[in-house]
A.B. asks: 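I have a structure I would like to understand better, so I am pasting it below and will then ask my questions one at a time.
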Amino acid sequence: MIKLIALVPLFPLIGFLINGFFGKKLSKGLSGGIASVSVLASFIVAVLAFLELEHSTNKSHVVELFSWISADTLNIPFEFLYDPLSAWFLLIITGIGFLIHIYSTGYMHDDAGFSRFFTYLNLFVFFMLLLVMGNNYLIMFVGWEGVGLCSYLLIGFWFKNQAYNDAARKAFVMNRIGDLGFLLGIILIFVSYGSISYGDVFSRAGVSSNAVVTAIALLLFIGAMGKSAQIPLYTWLPDAMAGPTPVSALIHAATMVTAGIYMIVRSNVFYSISEVASETVAIVGVVTAIFAATIGLLQNDIKKILAYSTVSQLGLMFLGLGVGAFSSSVFHVTTHAFFKALLFLGAGSVIHAMGGEQDIRKMGGLKGKIKITYITMLLGTIAISGIPPFSGFFSKDEILAHTYEHSKLLWVLGMIASMLTAFYMFRMLFLTFFGKFRGTHEQEHHLHESPSSMTIPLMVLAALSVLGGALGLPEFWHMPNWMSEHLSPIILHKNPSALDHTTEWTLMGLAVVAAGVVIYFAHAMFITNGVLPLENEEKMKPWQKLIYNKYYVDEFYDAVIRKPLDLISTAFYKFLDLQVIDGLVNGVGSMVKGTGNVVRLLQSGNIGFYIVSMVLGVILILLFTFII
Amino acid sequence: MLTGLLIILPLVASLLVFLTKGGTARTLAMAAAVAEFALSVFVYFQFKTNPAAANLSLNCTWVESMGIKFAVGIDGISMLLILLTTFLVPLIILSSYQNNYDKPNAFYSLILLMQMALVGVFAANDGFLFYVFWELALIPIYFICLLWGGENRGMITFKFFVYTLFGSLFMLIGLIYLYNHTGSVSGIKSWAINDLYAAGKSLNIDQQSAVFWMIFLAFAIKMPIFPLHTWQPDTYVTAPTQGTMLLSGIMLKMGTFGVIKWLLPVAPLALEKWGGTAILLSSIGIVYASCIAIVQKDYKRLIAYSSIAHVGLISAGILSANQQGVQGAVIQMLSHGVNVVGLFLIADILLRHTGTREIEKLGGIRNMNGQFSVLFLIIMLGSVALPLTNGFIGEFLLINGVYQYSAGVAAFAGLSVILGAVYMLRSYQKIMLGEKPSSGIEFGSLATSDKAVLIIVCIVIIAFGVYPKPLNDLAEPAVKTLLSTLK
């Protein structure tokens with residue numbers, strides 16, 4: 001099956017073409033069916049190939065398709081790499097992708113753009129697969145920008161709403177800022193190593209100076225900041241919630257935004273060499289984790305809470321990468337894909353039940369009305385909050401343990417971020433499902449559980465969120481940590497834990513106690529005391545106002561980037577271009593015209609004057625030729 | 001011989017078309033353009049089997065006493081640009097099917113005459129002949145703009161004409177200067193390209209610098225490079241759509257092609273000394289024009305400024321004088337040519353359907369014509385160089401080439417990656433998305449000819465983005481040979 005690995009991206013591509021060209025003529029069942037089956041087919045191939053890889057001693061397979069770009073020493077083949085890392089991402093993308101396709105057939109059922117939605121979704125899966133399957137950085141870049149395009153198209157899916165279109169454009173442009181860094185990084189890789197294929201580059205990475213490696217690692221990380229929504233390029237992700245909820249689950253939580261993690265794990269050799277780069281990654285990660293988590297505390301839009309949570313969780317993954325815990329970060333990518341996809345889809349089910357309402361202030365008491373949604377979301381919330389034995393506990397604990405070893409300060413910050421996570425998640429859960437219903441009578445009357453096409457994916461994801469921790473049991477439990485073993489062939493500098501068991505147990509215990517205390521506190525606040533979010537800003541304390549307004553970062557960017565850019569552009573156009581440069585050109589023109597008016601007088605018609613001038617001219621020419 | 005045929009065919013067709021009356025002119029011109037394209041494809045296959053085949057080139061004496069020859073031939077780069085020309089001219093004619101121009105016989109005759117001159121420019125192997133074709137190309141486009149242009153066309157066209165002619169005269173002086181230095185060994189002066197190369201190399205650095213700037217001036221105006229660009233937006237906007245397509249799709253490539261073939265090899269020392277200055281000007285132009293494009297109100301003018309940005313990167317890549325930069329430039333010349341024809345047709349379609357090209361007055365077209373919005377989207381993505389579109393291949397190679405000259409300049413020039421997305425996406429959103437503007441516009445289905453052109457452009461965008469090998473196979477060895485002459 002590994003030889004046929006190109007089938008994995010091929011199926012969604014076919015699905016895209018069918019829906020793209022004929023989608024409007026197909027029935028909804030057929031259109032959604034083709035899209036879903038194409039991803040299912042990819043999933044099956046991915047599973048079979050994965051089993052083959054597990055039993056094979058050769059862990060790295062290259063499949064060349066054709067020669068793509070060739071310019072003298074620069075040779076870029078279009079080829080795929082199938083190894084433990086790409087194999088694992090294929091499973092996540094196609095597996096979760098398939099569940100979300102199924103869910104979407106229910107969620108998008110009444111939308112006029114049904115087949116268009118699946119066209120984009122299939123195209124997204126195709127590009128996401130290219131991203132993780134490429135055997136060189138440029139194929140990764142193809143997937144990277146391709147998923148960016150799909151993200152743009154899906155955020156602005158309801159294109160009549162210009163606010164949504166603005167969000168889509170913001171996502172694309174902000175990603176492009178990162179992409180420029182990524183592109184320059186790729187070029188620097190080529191200039192330094194004469195190749196951009198992974199195998200060549202990683203084997204030669206040791207030859208170049210530390211400064212070059214640091215530059216490469218930082219440039220790549222700029223790309224990762226854009227795609228994975230890290231400070232300072234994170235503000236597009238909360239806005240991206242304008243897209244349909246399945247999109248938020250698939251693209252803006254489970255897969256696309258983890259591309260930055262994939263990129264750094266793939267390039268782990270650079271980050272193992274460059275301490276500056278890995279420290280930067282860790283610090284940006286942990287700061288983002290805390291920063292976004294605090295914003296999550298006071299948001300009232302159920303999807304925005306989850307969006308800030310995603311930014312924060314991605315920050316935690318970057319913290320892991322920065323401290324060298326590469327496989328732990330992939331583990332957290334995996335469990336996060338389970339519980340965050342679950343939470344988003346659950347939120348979609350809530351929104352569906354509420355007739356489009358996303359404000360948790362208008363919800364409350366839903367647990368009896370939409371039971372499956374409630375139970376699955378409860379499981380997801382427990383998983384993300386780090387309560388054992390749910391999946392999130394294990395992956396987060398692994399990252400934090402490695403962080404502790406690296407730096408106690410970073411560990412404290414990471415702990416704070418996790419505690420904030422537990423708080424805002426339970427706040428969301430309590431306000432949504434407990435207490436009294438706060439919406440309209442009409443909404444209350446309308447409340448209903450979603451169809452099984454939506455609830456079945458919820459249940460599957462809930463099961464994965466509960467059990468997913470088994471993929472990476474702690475080594476000091478004397479259990480096999482499957483994930484770290486699986487990824488060991490691609491991690492070039494391993495970083496085994498040197499903590500003694502007492503410390504590990506203590507850290508773990510502290511994390512659990514902290515989460516427990518926070519949840520208790522949240523319970524006391526929102527259930528026992530029935531605190532509700534403030535209805536308007538005026539009643540807020542200054543710090544609440546600051547957080548509620550997301551630290552005014554959007555306003556800040558507007559003031560220091562967007563407005564000055566418009567201003568400079570207008571000045572360039574109205575003043576420099578039209579007045580100065582063109583003015584000069586026209587000035588020269590009028591000068592010539594003026595001179596012409598004077599010189600014209602020389603054409604007097606006097607033959608004698610002409611002859612004298614001619615002779616003078618000939619003499620001048622002769623002189624000129626002799627001198628030169 | 002075949003190359004000579006490529007030049008003569010449009011010339012003869014041009015005369016015949018001029019003699020016809022009424023609607024037959026367009027049909028005949030279209031037939032001639034398609035025949036010319038077929039001929040060029042045939043030449044392409046000949047060239048591919050044997051690049052040195054004798055039947056490809058033509059070399060006859062023209063003015064013996066002055067060493068002028070009618071020498072034309074083909075290498076990988078000129079083959080690609082001839083194919084671009086012969087491919088675009090039928091598309092340009094097809095795109096005119098919805099416009100009813102007065103005196104169609106003159107209009108189409110001039111287009112074909114223009115084609116003849118363009119093919120001549122790309123095929124010339126004699127300095128004097130090159131200059132003749134170069135100036136000849138200016139005449140038909142001047143009349144096309146003057147006779148069928150829009151508002152204020154007299155002034156604007158005159159400025160364009162004088163400006164480019166002014167540059168060309170400096171090139172002529174430069175070429176004569178080189179000609180005067182030929183024949184130092186044999187004693188026979190010659191305009192042959194290789195003799196001019198040799199003459200240029202025999203010059204000292206100061207002489208080369210003078211030649212470099214004189215010739216570069218002509219090319220820089222034609223492209224145009226900042227700050228010699230102010231004739232361009234007005235001319236592009238005022239010219240009839242087909243004129244704009246000829247200007248931007250093909251004619252500006254005369255400038256970039258000129259730098260590759262007629263400037264780099266004659267002044268390698270000067271390139272080392274002054275190349276940096278020229279790259280800097282080109283790069284400033286990229287960012288400068290991109291910024292200006294952001295605040296444009298007329299979509300056609302926006303495309304005009306974006307074209308300055310694109311050609312700036314092409315120029316910077318060429319002047320960095322390495323394989324990736326020059327090859328990227330060649331590839332991008334082709335991609336830009338095709339994409340810009342698509343974009344200007346879109347501007348024309350907007351005007352024809354809604355009566356305006358003003359971005360602020362448009363909106364909601366996505367909802368009225370889904371097919372148009374998809375085609376527009378693909379062409380826009382090609383223009384912002386999304387991977388797997390043709391624009392990406394060239395842009396990646398170009399930034400790579402400039403990076404090898406200077407990482408800082410590459411990062412600066414690379415800002416176009418971001419700014420391009422800003423102005424393209426912003427204008428697309430305002431024109432196509434959202435609700436219909438309150439002023440109310442209607443946008444029906446596309447005419448078959450418009451649809452055909454847009455679909456062909458889209459196919460090319462994706463096909464060569466996914467599989468650029470046929471283009472690279474021609475460009476790669478040709479650029480390698482060219483660069484080896486610089487050493």
Side-chain angles (χ1 to χ4, degrees), chain A residues 20 24 66-74 76 78 116 127 138-139 141-146 148-149 152-153 156 159-162 165-166 168-169 172-173 175-177 179-180 183-184 186-188 190-191 215 565-566 568-570 572-574 576-578 580-582 584-586 589 592, chain B residues 159 162-163 226-231 233 288 291-296 305 322-324 327-328 364 366-367 370 374 377 381 384 386-388 392-393 396-397 399-400 403-404 407 410-411 414-415 417-422 425-426 429 432-435 466-469 472-473 475-476 479-480:
Chain A
K24 276 194 186 145
F66 54 87
S67 160
W68 187 34
I69 298 176
S70 164
D72 199 24
T73 52
L74 175 69
I76 305 169
F78 207 105
R116 187 164 56 89
F127 276 123
L138 211 62
I139 304 293
F141 190 76
V142 170
W144 190 272
E145 286 235 304
L149 167 69
Y152 165 77
L153 293 171
F159 56 81
K160 284 190 196 167
N161 184 328
Q162 288 290 28
N165 294 327
D166 287 339
R169 192 159 48 89
F172 194 89
V173 170
N175 268 289
R176 273 250 154 157
I177 298 174
D179 292 358
L180 177 59
L183 198 62
L184 293 173
I186 295 173
I187 294 170
L188 183 55
F190 164 66
V191 172
L565 180 65
D566 275 355
I568 290 171
S569 304
T570 312
F572 277 172
Y573 179 52
K574 294 262 162 79
L576 202 53
D577 215 51
L578 295 183
V580 179
I581 300 178
D582 205 35
L584 273 173
V585 172
N586 291 336
V592 171
Chain B
K159 180 169 161 184
V162 172
Y163 208 144
F226 173 89
L228 304 170
H229 63 274
T230 53
W231 63 268
Y288 176 80
C291 285
I292 292 182
I294 295 175
V295 293
Q296 290 311 304
Y305 275 104
N322 54 54
Q323 178 79 30
Q324 286 78 30
Q327 193 181 327
R366 174 82 176 80
N367 210 27
V374 173
L377 181 75
L381 294 175
V384 299
L386 197 88
L388 298 192
F392 177 69
I393 311 291
F396 173 69
L397 291 173
I399 296 180
N400 200 325
Y403 190 99
Q404 290 170 51
L415 289 176
V417 169
I418 302 164
L419 296 171
V422 172
L425 263 56
R426 208 188 261 195
Q429 180 185 339
M432 303 301 292
L433 309 178
E435 297 275 8
V466 175
Y467 198 68
K469 197 164 179 294
N472 277 321
D473 281 350
E476 192 181 3
V479 170
K480 220 171 179 172

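Reminder, nothing fancy here: chain letters follow the sequence lines and each chain counts from 1.
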A.B. asks: I need the residue from B:Ile393, B:Val374, B:Asn322 with the largest number of non-hydrogen atom pairs under 4.5 Å to chain A.
C.D. replies: B:Ile393

A.B. asks: Between A:Trp68 and B:Tyr467, is there a donor-acceptor pair closer than 3.5 Å when you use the side chain of the first and the backbone of the second?
C.D. replies: no

A.B. asks: Distance from B:Tyr305 atom OH to A:Phe572 atom CZ, nearest 0.5 Å?
C.D. replies: 12.0 Å

A.B. asks: Apply side chain to side chain contact (heavy atoms under 4.5 Å, CB included) to B:Leu381 and A:Tyr152, showing your working.
C.D. replies: CA-CA 12 Å; B:Leu381 294 175; A:Tyr152 165 77; over 6 Å; no

A.B. asks: May I ask you to test the B:Lys159-A:Asn586 pair for a side-chain heavy-atom distance under 4.5 Å?
C.D. replies: yes

A.B. asks: Can you name the closest pair of heavy atoms from A:Ser569 and B:Ile292 and give their distance?
C.D. replies: O-CG1, 4.3 Å

A.B. asks: Write down the atom of B:Asn472, the atom of A:Ile69, and the distance for their closest heavy-atom approach.
C.D. replies: ND2-CA, 4.2 Å

A.B. asks: Does any heavy atom of chain A fall under 4.5 Å from the side chain of B:Gln404, the backbone, both, or neither of them?
C.D. replies: side chain

A.B. asks: What I'd like to find out is whether the side chain of A:Ile581 reaches to under 4.5 Å of the side chain of B:His229, using heavy atoms alone.
C.D. replies: yes

A.B. asks: If you count heavy-atom pairs within less than 4.5 Å of chain B, which of A:Leu584, A:Thr570, A:Ile76 leads?
C.D. replies: A:Thr570

A.B. asks: Find the distance between CZ (A:Phe127) and CG (B:Leu388) and round it off to the nearest 0.5 Å.
C.D. replies: 5.0 Å

A.B. asks: Could you tell me which portion of B:Tyr288 (side chain, backbone, both or neither) has an atom closer than 4.5 angstrom to a non-hydrogen atom of chain A?
C.D. replies: both

A.B. asks: Would the A:Phe141 and B:Phe392 ring centres measure less than 6.0 Å apart?
C.D. replies: yes

A.B. asks: Determine the option with the most heavy-atom pairs under 4.5 angstrom with chain A, choosing from B:Asp473, B:Leu377, B:Asn367.
C.D. replies: B:Asn367

A.B. asks: Does the side chain of B:Trp231 come within less than 4.5 Å of A:Val585's, by heavy atoms?
C.D. replies: no

A.B. asks: Identify which part of B:Val384 has an atom lying under 4.5 Å from any heavy atom of chain A, answering side chain, backbone, both or neither.
C.D. replies: both

A.B. asks: Hey, could you give me the OG/CD distance between A:Ser70 and B:Gln323, rounded to the nearest 0.5 Å?
C.D. replies: 8.5 Å

A.B. asks: Is it the side chain or the backbone of B:Leu397 that comes within 4.5 Å of chain A heavy atoms, both, or neither?
C.D. replies: side chain

A.B. asks: Given a strict heavy-atom distance threshold of 4.5 Å, which part of B:Glu476 is in contact with chain A: side chain, backbone, both, or neither?
C.D. replies: side chain

A.B. asks: Quick one: what part of B:Leu386 sits under 4.5 Å from any heavy atom of chain A, side chain, backbone, both or neither?
C.D. replies: both

A.B. asks: Quick check: closest heavy atoms across A:Ile187 and B:Ile399, and the distance to 0.1 Å?
C.D. replies: CD1-CG2, 3.6 Å

A.B. asks: Quick check: closest heavy atoms across A:Ser67 and B:Lys469, and the distance to 0.1 Å?
C.D. replies: O-CD, 3.9 Å

A.B. asks: Is the shortest heavy-atom distance from the side chain of B:Gln296 to the side chain of A:Tyr573 under 4.5 Å?
C.D. replies: yes

A.B. asks: Below 4.5 Å from any heavy atom of chain A, which atoms of B:Val466 appear? Answer side chain, backbone, both or neither.
C.D. replies: both

A.B. asks: Among A:Leu578, A:Leu153, A:Asp566, single out the residue with the greatest number of heavy-atom pairs under 4.5 Å to chain B.
C.D. replies: A:Asp566

A.B. asks: Say whether, by atom type as modelled, one donor and one acceptor occur between the side chain of B:Gln324 and the main chain of A:Ala71 under 3.5 angstrom.
C.D. replies: yes

A.B. asks: With a 4.5 angstrom heavy-atom cut-off, is it the side chain or the backbone of B:Leu228 that approaches chain A, or both, or neither?
C.D. replies: neither

A.B. asks: Quick one: which of B:Lys480, B:Met432, B:Arg366 has the most heavy-atom pairs under 4.5 Å with chain A, could you say?
C.D. replies: B:Arg366

A.B. asks: Highest number of heavy-atom pairs under 4.5 Å with chain B: which of A:Thr73, A:Leu576, A:Ile568, A:Asn161?
C.D. replies: A:Leu576

A.B. asks: If every non-hydrogen atom of B:Ile418 is compared with every non-hydrogen atom of A:Ile177, which pair is closest and at what distance?
C.D. replies: CD1-CA, 3.7 Å

A.B. asks: At what distance, to the nearest 0.5 angstrom, does CZ of A:Arg169 lie from CZ of B:Arg426?
C.D. replies: 5.5 Å

A.B. asks: For the interface with chain B, which of A:Ile186, A:Leu149, A:Val191 has the highest count of heavy-atom pairs at distances below 4.5 Å?
C.D. replies: A:Leu149

A.B. asks: Look at A:Leu565, A:Leu180, A:Leu183 and state which one has the largest set of heavy-atom pairs under 4.5 Å with chain B.
C.D. replies: A:Leu180

